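Below is one structure, written out as structure tokens; comments come after it.
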Amino acid sequence: MKNCIFCKILTGEIPSEKIYEDQKTYVFLDASPIAIGHMLVIPKKHYETMDEMDPKTANAVIKTTQKIGRTILKFNKGYNVNQNNKPTAGQVVPHVHYHLIPRNNNDDLKFSWKNIKFDKKYFQETKTKIQKFLK
Ligand code: 5GP
Ligand code: ZN
């Protein structure tokens, strides 16, 4: 895809620190890491969001994410997988990517996650609304 930074990384037009690649996926170090070893897993085929991926590509991306996750656990205590879809959700690069973020005790990384209290009506109405759109 023209003008896509990650497609340019895949062609080598933009350099990257490659960690791993196979037929369908590519893994490289994030250029502005929030933790040591912060990596991005991407499909070689251009899709904007994860819901758009064809099943074979989606399978390959998950398989690679698991492989990298297992690798991270060999020398870290845990990891987060973060995946943003659309600018509203914080997606800056419009080529599907999974952030793999190694975690360790007291690493001082904080993801803001504020739980909201709702009554029973919310659960009923929300369930009905979502299921109406489900195909
Ligand atoms: P997003 O906010 O879209 O989920 O995350 C995009 C990520 O891509 C950011 O963490 C950013 O640091 C990373 N990134 C953007 N441009 C480049 C680049 O040219 N090279 C690498 N290695 N990472 C990039
Ligand atoms: Zn792309």
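As the structure is a prediction and not an experimental result, all values here were calculated from the model. Just so it is clear, the values below take in all heavy atoms, side chains as well, and ignore hydrogens, waters and symmetry mates. Every number for a ligand or one of its atoms is a count from 1 in the order of the listing.
- Formation of a donor-acceptor pair under 3.5 Å by the Thr11 side chain with backbone atoms of Lys8 is found in this model.
- Proximity of Ile19 to Tyr26: side-chain heavy atoms (C-beta onward) are nowhere separated by under 4.5 Å.
- Between the side chain of His46 and the backbone N or O of Val96, no donor-acceptor pair lies under 3.5 Å.
- Atoms of the protein (N, O or S only) found under 2.8 Å from the Zn ion (ligand 2) are Cys4 SG, Cys7 SG, His46 ND1, His95 ND1.
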Where does ligand 1 get N/O contacts under 3.5 Å from the protein, atom by atom?
from	atom 1	to	atom 2	distance (Å)
ligand 1	2 (O)	Gly90	O	2.9
ligand 1	3 (O)	Val92	N	2.7
ligand 1	3 (O)	Val93	N	3.0
ligand 1	3 (O)	His97	NE2	2.9
ligand 1	4 (O)	Asn84	ND2	2.9
ligand 1	4 (O)	His97	NE2	2.7
ligand 1	4 (O)	His99	NE2	2.8
ligand 1	5 (O)	His97	NE2	3.2
ligand 1	5 (O)	His99	NE2	3.2
ligand 1	10 (O)	Asp30	OD1	3.2
ligand 1	10 (O)	Asp30	OD2	2.5
ligand 1	12 (O)	Asp30	OD1	2.5
ligand 1	22 (N)	Leu29	O	2.9
ligand 1	22 (N)	Ala31	N	3.3
ligand 1	23 (N)	Ala31	N	3.2

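- Taking the side chain as every heavy atom from C-beta outward, Leu10 and His95 approach each other to under 4.5 Å.
- Contacts of Thr71 classified as side chain to side chain donor-acceptor pair (under 3.5 Å), with partners at least two apart in sequence or in another chain: none.
- Using a cutoff of 4.0 Å between basic side-chain nitrogens and carboxylate oxygens, Asp54 and Lys45 are scored as salt-bridged.
- Ile101 and Ala35 make their closest contact through CG2-CB, 3.9 Å (heavy atoms, listed as atom of the first residue, atom of the second, distance).
- Within the structure, no pair that satisfies the salt bridge (charged side-chain N to carboxylate O under 4.0 Å, His left out) test touches residues 55-76, not counting sequence neighbours.
- Side chain of Lys132 to backbone of Lys127: no donor-acceptor contact under 3.5 angstrom is found.
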